[in-house]
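Order of the sequence lines fixes the chain letters, A, B, ..., with proteins taken first and strands second; residue numbering starts at 1 for each chain. The structure presented is a predicted model; accordingly, all values stated were derived computationally and were not measured.
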Amino acid sequence: MPELPEVEVLRRSLAPLVGERIERVEVHDRRLREPVDEDALRGLVGARVESLGRRAKYLRIHLRRDDWEEPRTLVVHLGMSGRLTLEPGDAPEEPHEHVVFRLASGRELRFRDPRRFGLIFAARRAGLDTDAHFVHLGLEPLSEEFSGEVLERVAERRRGPVKTFLMDAAVVVGLGNIYATEALFRAGIHPTRSVARISRRRWDRLADAIQEVLRAAIREGGTTLNDFSDGEGRSGYFQVSLSVYGREGDPCPRCGRTIRRIVQSNRSTFYCPGCQR
DNA sequence: CGTAGACCCTGCGCGC
DNA sequence: TGCGCGCAGGGTCTAC
């Protein structure tokens, strides 16, 4: 469900969390991508939310408590079907609500995830980037150091199709199936093209296309295909701006040729045979 | 070492 | 209407 734009939209929508204090933690089902460490989460009671961050598709909720020697961070990954919402405490419990944080204001932060590919854990904030979940991650695409030049340099050590390359978090983070697909359309690059056969000019175009599509999606509140919503339950609108993703058989918005679907590494890829070479 | 494929899990929409 | 199948926005582990 969520790629970088959706997690970023979620992060921004949860601004009202800042200053809140955790009063109680309920773990209803520990079976997620990794078993939930119930004790570690309950150890967060009494902590106050200081700020909200993001790395790749991971949301980071930074916490402080007076008697802690160092701050901790609650890390949430939504997997394919996860949702994190801030709700009034009297809202009815919904299916698959695995973890619920009761807050001092009476509101609740609820983590719901039907498919249970998501993840939630607490860690010390210091050195978080050397945690096993983060240490291997590649470039942040919306950062200063991201460019066609770096992409090209990383690609020198790699082979295989560019779509697979873009979806490898060791290369660049935050791009999933939708935005990797859309960025390639915008850059006019065929998804099966080998990374060894992409010119410097096209790497530049691709880096620009990645940043453009991510920024546009954030602006539109993310992509809601089925069930994405931000922390306040609002849907995104970027799905109407998708050019090729999910549009097999439709005419290409640019040239009118029929959009095709293929499978790469077990994932659907959509592209225009006219515009992408 | 890097890459391709299977796998984790539930729900939904489609065709019969 | 009911059922089986294929598919879904992610990440990790294994076998080459």
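- Counting only Watson-Crick and G-U wobble pairs whose two distances sit under 3.5 Å, DNA chain C takes part in these stems of three or more pairs: B:2-8 with C:10-16, B:10-16 with C:2-8.
- Side-chain heavy atoms closer than 4.5 Å link hydrophobic residues (I, L, V, M, F, W, Y) into clusters, and following such links, even through other members, never connects A:Phe117 to A:Phe134.
- In this structure, the NE2 atom of A:His136 is 8 Å from the P atom of C:dG11, given to the nearest Å.
- Salt-bridge formation is detected for the pair A:Arg107/A:Glu20: a Lys NZ or Arg NE/NH1/NH2 atom is positioned less than 4.0 Å from an Asp or Glu carboxylate oxygen.
- If you check every strand for non-hydrogen atoms under 4.0 Å, A:Asn266 touches a base.
- For the C1' atoms, the distance from B:dT3 to C:dG9 is 23 Å, rounded to whole Å.
- Remark: A:Ser81 is not in phosphate contact with C:dG10, judged by side-chain N or O atoms under 4.0 Å from OP1 or OP2.
- In the 5' to 3' direction, nucleotides of DNA chain B lying under 4.0 Å from heavy atoms of chain A begin and end at B:dT3 to B:dG11.
- Across the protein-nucleic acid pair, A:Glu34 atom CD and C:dT12 atom P stand 8 Å apart, rounded to whole Å.
- Residues A:Tyr58 and A:Arg261 both approach DNA chain C. Their nearest nucleotides, taken by heavy-atom distance, put A:Arg261 toward the 5′ side.
- Positionally, the nearest nucleotide of DNA chain B for A:Arg157 lies more toward the 5' end than for the other of A:Ser265 and A:Arg157.
- For C:dA8, the base has no donor-acceptor partner in the side chain of A:Arg267 [N/O atoms by modelled type, under 3.5 angstrom].
- A:Leu14 and A:Leu103 fall within the same hydrophobic cluster, where Ile, Leu, Val, Met, Phe, Trp and Tyr residues are linked whenever their side-chain heavy atoms come under 4.5 Å apart, directly or through other members.
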